[in-house]
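By convention in this document, chain letters (A, B, ...) are assigned in the order of the sequence lines, proteins followed by strands, and residues within each chain are numbered from 1. The figures here come from the full heavy-atom set of this structure, side chains too, leaving out hydrogens, waters and symmetry mates.
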Amino acid sequence: MLDKRYNPKSVEEGKYEKWKKAGYFTAGDKSKQAFSMVIPPPNVTGKLHLGHAWDTTIQDIIARYKKMKGYDVLWVPGMDHAGIATQAKVMERLKKMGVDVTKITREEFLKEAWGWKDEYAASIHSQWAKLGLTLDYTRERFTLDEGLNYAVRTVFTRLYKKGLIYQGERIINWDPVQKTALSNIEVIHQDDHGYMYYFKYHIVGSDDYLLVATTRPETMFGDVCVVVNPKDERYTKYIGMKVINPANDEIIPIIGDEYVDIEFGTGAMKCTPAHDPNDFVIGEKYHFPKPIIMNKDATMNEKCGKYQGMDRFVCREALLKDIEAKGDFVKKEEIVHPVGHSERSNAVVEPMLSKQWFVKMESLAKHSLDNQKSKGKVSFIPPRFENTFTNWMENVEDWCISRQLWWGHRIPAYYHKKTNEVYVDVNPPEDIENYVQDEDVLDTWFSSALWPFSTLGWPEKTPDLERYFPTNILSTGYDIIFFWVSRMIFQSLEMNDIRPFDNVLIHGLVRDEQGRKMSKSLGNGIDPMDVIDRHGVDALRYFLTTNSTPGQDMRYIEEKVVSASNYLNKIWNSARYVLSVLGDDFREEKLDTKRLSPLDNWLINKLMDTIKGVSEAMERYDFNSASSYLYNFVYDDFCSNYLEMSKVSLNGDDEEMKMMTKQVLIFTLKNIIKLIYPYTPFIAEEMYLNLPNHLESIMLETYPEYDESMINLKANKEVELLFDFIKDSRTYKIENKLAPNEKIAIAINLRIPVFNGFMAYLSRFTFAKEIKEEKDIMNIQGHLYVHDDGDMVIINEVSNDEILLKLNKEIEFEENEIRRCEGMLNNPNFVSKAPKEKVDAERNKLKQHQDNLASLLEKKAKL
RNA sequence: GGAUGCUUAGCUCAGCUGGGAGAGCAUCGCCUUUACACGGCGGAGGUCGUGGGUUCGAGUCCCUCAGCAUCCACCA
């Protein structure tokens with residue numbers, strides 16, 4: 001028996017372990033059609049946040065739904081080693097432990113990192129369990145495990161041999177805190193306050209000088225020339241002459257190149273090929289040397305004379321002072337300009353020339369873009385995110401994949417000790433003793449990009465890969481379309497010549513109550529485990545998946561979780577009621593719609609509509625609509641109307657009717673439980689296991705099916721009329737300050753035949769002491785209520801004035817409606833151009849309103 | 001400089017292919033009616049950001065503008 005109040009804690013207890021133990025999460029039933037997904041692997045750096053809870057609940061709903069629909073569902077779990085992030089955290093911990101991290105060896109570090117991984121993996125596992133995720137743990141993977149490493153080496157080697165991976169010296173984004181290269185998308189550009197500094201570059205053999213502006217004076221040590229636009233009349237005369245670099249007094253040439261914008265700044269640009277990507281291009285074009293003037297930690301190097309060893313920002317100030325003393329510092333202007341910061345360390349990124357490994361993106365991007373024009377395209381939900389993806393692909397630059405870290409997949413490149421020849425292969429060279437392996441590891445996203453197939457055993461042709469790849473759908477936030485989705489797509493197309501998943505379901509971000517992003521610095525993050533503690537996981541799941549539109553951000557609002565919990569309590573209590581009225585001798589039968597009462601039929605009709613609406617929405621992954629169909633059915637149709645009415649037949653003495661009411665109650669309840677189940681599996685399971693006929697678990701059940709043969713509309717209008725009358729009586733009592741159970745006398749005039757028992761229901765729910773049925777109710781003193789299929793008068797002795805007041809209000813309403821209908825119908829364009837059904841519908845409405853008006857006027861005349 | 005999203009009831013948000021504006025919370029009134037007071041019943045509350053256009057008909061389609069948010073972009 002169910003408790004009086006739905007208690008999440010007791011409901012949730014033990015269920016997940018039971019499901020897991022029973023093997024319900026394990027895929028492999030070959031008799032069914034396969035349906036597969038991979039979880040976006042969370043980083044092993046911390047706790048799951050609300051975004052994870054949202055994303056994984058969406059997937060869990062899909063998994064549970066598809067399982068009920070008869071699919072063999074595989075949902076692959078796993079975690080990401082998260083190179084930079086994890087290495088930073090492990091280093092931090094080592095420092096706290098008092099370890100001198102500058103002296104630690106690679107092996108020692110890795111041992112520590114694996115220990116860290118195990119700790120955090122355990123914590124993530126327990127959070128997944130709390131969330132109730134139906135993950136197939138027998139197939140769990142880690143982005144750094146041996147199998148995935150094999151996949152990574154294979155992909156690297158294949159791309160290298162095709163010439164799509166190369167080693168090159170190029171300007172990369174250098175993170176001076178983590179001391180590693182970064183890819184372009186790991187750099188966050190934010191508007192910072194800074195200065196534009198103006199310096200005199202004196203022209204050799206002249207009194208003139210060029211005024212040159214820069215935001216980074218410390219890079220002046222790397223200047224190789226000053227560039228002006230050859231069309232710039234101010235400067236053409238200087239092209240070919242030389243200037244003195246005020247930082248180090250070196251003499252450098254003035255050259256002309258169209259790249260320089262005449263309008264911008266002073267029109268004269270200093271060129272520092274090793275520390276700026278554009279300058280690099282110019283440096284290449286004119287064959288300048290590319291002096292690097294900084295160390296890996298962003299201190300100045302030996303090329304900077306007395307500034308050597310200074311931090312770049314310290315150097316900037318010192319240099320300014322010195323140049324000012326010489327009189328060559330003209331001014332500084334305060335500006336706001338975009339400055340690149342490392343996504344992980346937040347350090348200001350230094351563009352720097354460096355030898356790194358790159359993925360050549362041109363052909364890979366083209367392959368992806370072409371594929372989006374084919375039948376095998378990846379469908380984005382909502383579709384607008386396809387543009388996000390294609391725009392990025394169209395403008396993508398080569399991907400810097402090497403990282404100067406220890407925690408990651410070591411690059412499978414080996415350098416011959418003597419010849420320095422490079423050897424790249426899946427396996428090390430046989431005479432490994434003659435080689436040294438590249439020290440660097442790969443960008444974390446290089447391994448994540450293979451996730452949908454590497455987890456299934458690729459490059460081996462495993463049975464899982466055959467059966468479950470490509471996967472059906474991938475769910476993720478729009479913030480990692482570039483990082484992850486796009487890379488999975490091009491890697492899969494390149495390696496397998498097929499998309500990695502048919503659909504991508506994109507959701508937004510969870511924000512705080514004020515709409516701000518949740519972040520550590522703001523301290524406004526919400527721990528999903530705390531929410532679960534307070535309100536239960538089902539309420540959290542329901543809140544997360546039913547409160548937003550696909551692709552849109554969502555605010556976390558505690559009261560909405562409470563609402564969700566109240567809704568679940570409502571269903572819980574309706575279940576409690578149904579179970580309490582069944583009685584010991586109850587035996588569930590297949591519902592025979594021919595034996596049902598009009599009221600029963602009405603409910604079953606509504607239920608069928610609901611099943612249809614919910615199922616169609618589920619197929620579109622439109623969880624918001626699906627849940628609201630069910631919500632309305634549960635509250636209005638089932639609880640407010642049918643459940644209350646069922647008390648009449650259950651307390652009556654018609655045994656057949658009583659029995660059928662019970663059958664309808666249990667049938668409907670069971671369907672409600674199944675429909676809500678994918679959202680709120682714990683409470684659904686608890687209620688399900690209390691039903692008279694149940695399997696071992698609701699996880700073995702099938703999804704409700706819309707069954708047209710169960711629909712019977714014969715008495716639907718009569719039931720609706722009954723509800724109308726009951727509502728009228730309630731409104732009447734409230735308007736006239738009567739108690740809800742105040743006895744009233746009513747008279748009705750029916751224009752349609754009604755079912756047996758109509759009067760009994762009417763009497764009971766209006767608390768009527770008397771019901772007169774007569775055609776001529778217009779003569780009866782009281783309040784008139786007009787409906788399409790019948791009228792009702794609540795008999796009383798109120799003054800004519802009061803009645804008149806009310807009548808006039810209703811007459812006005814009907815007249816307005818008639819005017820509206822006539823307006824449309826008198827418009828020849830409407831009649832000729834609108835669809836016939838619409839016109840007919842308007843005609844019917846007009847007729848109805850005219851009839852209603854006639855009744856009201858008749859009543860008025862008789863006052 | 002490109003691109004996208006948002007602007008609907010006091011607040012947070014739904015409104016699919018155009019055909020009489022919805023939910024939750026808040027608010028007001030009544031009710032200890034035997035599933036639920038974490039409840040029931042009944043209300044009130046909206047010129048759907050601005051200005052145009054298409055259409056018989058626009059919250060819904062097109063254009064303009066404004067405000068807010070986000071993403072992308074090498075401007076020294």
Checklist line | Presence of A:S548 side-chain N/O under 4.0 Å of B:C13 phosphate oxygens OP1/OP2 | finding: no
Next item on the list: Describe, in one word, how the ring planes of A:Y679 and A:F623 are oriented to each other, choosing from parallel (under 30°), tilted (30 to 60°) and perpendicular (over 60°).
Entry: perpendicular
Margin query: With a 3.5 Å cut-off and heavy atoms only, can you find an N or O donor on one side and an acceptor on the other between the side chain of A:N569 and the base of B:C38?
Written below: no
Notebook entry, point to check: Looking for any heavy atom pair under 4.0 Å, which part of the strands does A:K733 touch: base, sugar-phosphate only, or nothing?
Noted result: nothing
Next item on the list: For B:U70 and B:G29, measure between their C1' atoms and round to the nearest Å.
Entry: 45 Å
Checklist line | Pair of N/O donor and acceptor under 3.5 Å linking B:U34 base with A:K647 side chain | finding: no
Notebook entry, point to check: Which part of the nucleic acid, if any, lies within contact of A:F385, taking any heavy atom under 4.0 Å across all strands shown: a base, the sugar-phosphate backbone alone, or nothing?
Noted result: nothing
Notebook entry, point to check: Is there a Watson-Crick or G-U wobble partner for B:G29 with both distances under 3.5 Å, and which nucleotide is it?
Noted result: B:C41
Check: How is A:T549 classified with respect to the nucleic acid when contacts are heavy atoms under 4.0 Å: base, sugar-phosphate, or nothing?
Finding: sugar-phosphate
Notebook entry, point to check: Any side-chain donor paired with an acceptor under 3.5 Å for A:Y209 and A:D328?
Noted result: no
Notebook entry, point to check: A:I734 near the nucleic acid: base, sugar-phosphate alone, or nothing, with a heavy-atom cut-off under 4.0 Å?
Noted result: base
Margin query: Roughly how many Å apart are B:C16 and B:G22, using the P atom of each and rounding to a whole number?
Written below: 14 Å
Next item on the list: Write down the distance separating the P atoms in B:A23 and B:G15, rounded off to the nearest Å.
Entry: 15 Å
Next item on the list: Write down the distance separating the P atoms in B:U17 and B:C63, rounded off to the nearest Å.
Entry: 16 Å
Margin query: Does A:P835 reach a base, just sugar-phosphate, or nothing at all? Heavy atoms under 4.0 Å.
Written below: base
Notebook entry, point to check: Is the closest basic N to carboxylate O distance between A:R843 and A:D840 below 4.0 Å?
Noted result: yes
Margin query: Just checking A:Y629: does its OH atom have more than 12 heavy atoms from other residues, nucleotides or ligands closer to it than 6.0 angstrom?
Written below: no
Note to self: I want to verify a distance call: between B:A76, B:G5, B:C56, whose nearest atom is closest to the A:V260 side chain?
What the structure shows: B:A76
Next item on the list: Would you mind reading off the distance between A:N624 atom CG and B:U12 atom C1', rounded to a whole angstrom?
Entry: 13 Å
Note to self: Looking at every non-hydrogen atom in both residues, tell me the closest pair between A:I262 and A:N229 and how far apart they are.
What the structure shows: CG1-CB, 3.6 Å
Notebook entry, point to check: Within less than 4.0 Å of OP1 or OP2 of B:A23, is there a side-chain N or O belonging to A:N632?
Noted result: no
Check: Within the structure, does a side-chain N or O atom of A:R555 lie under 4.0 Å from either OP1 or OP2 of B:C13?
Finding: yes
Note to self: Taking 4.0 Å as the cut-off, does a side-chain nitrogen or oxygen of A:T731 come that near to OP1 or OP2 on B:G42?
What the structure shows: no
Checklist line | Pair partner, B:G5 [Watson-Crick or wobble, under 3.5 Å] | finding: B:C68
Checklist line | Separation of B:A26 P from A:I557 CD1 (nearest whole Å) | finding: 13 Å
Margin query: Counting the atoms with a prime plus P, OP1 and OP2 as sugar-phosphate, which does A:S640 contact under 4.0 Å by heavy atoms, base, sugar-phosphate, or nothing?
Written below: sugar-phosphate
Check: Rounding to the closest angstrom, what is the interatomic distance between B:A69 and B:U55 at atom P?
Finding: 38 Å
Check: On RNA chain B, nearest-nucleotide positions of A:N387 versus A:D622: which is more 5'?
Finding: A:N387
Note to self: Would you measure the distance from the P atom in B:G67 across to the matching atom in B:C28 and give it in whole Å?
What the structure shows: 38 Å
Checklist line | Residue A:E644, side-chain atoms from C-beta onward, closest of B:C72, B:C6, B:C36 | finding: B:C36
Check: Can a donor-acceptor pair under 3.5 Å be found between the side-chain atoms of A:Y259 and the base atoms of B:C75?
Finding: no
Next item on the list: Check the distance between B:U12's P and A:R516's CZ and give it to me in whole angstrom.
Entry: 14 Å
Margin query: If only side-chain N and O atoms count, and only distance matters, is there a donor-acceptor pair under 3.5 Å linking A:E333 with A:Y198?
Written below: yes
Notebook entry, point to check: Just to confirm, is there a sub-4.0 Å distance from OP1 or OP2 of B:G24 to any side-chain nitrogen or oxygen of A:Y631?
Noted result: yes
Next item on the list: Select base, sugar-phosphate, or nothing to describe what A:K737 touches, counting heavy atoms under 4.0 Å on all strands.
Entry: nothing
Next item on the list: Check whether the side chain of A:K570 and the base of B:C36 form a donor-acceptor pair under 3.5 Å.
Entry: yes
Margin query: By the 4.0 Å heavy-atom rule, please label A:C639 as base, sugar-phosphate, or nothing.
Written below: base
Next item on the list: Specify the residue among A:S574 and A:V562 whose closest nucleotide of RNA chain B lies further upstream toward the 5′ end.
Entry: A:S574
Note to self: Taking B:G19 as the reference, what is the distance to B:U60 when you measure between their P atoms (whole Å, please)?
What the structure shows: 11 Å
Notebook entry, point to check: For A:I262 and B:A76, what is the distance between atoms CD1 and C1' respectively, to the nearest whole Å?
Noted result: 15 Å
Note to self: Checking side-chain polar atoms at under 3.5 Å, does A:Y556 have a donor or acceptor matched by the opposite partner on A:N547?
What the structure shows: no
Check: When you compare B:U47 with B:A58, how far apart are their C1' atoms, in angstrom units rounded to a whole number?
Finding: 15 Å
Checklist line | side chain to side chain contact (heavy atoms under 4.5 Å, CB included) between A:T661 and A:V581, intermediate numbers included | finding: CA-CA 10 Å; A:T661 300; A:V581 301; over 6 Å; no
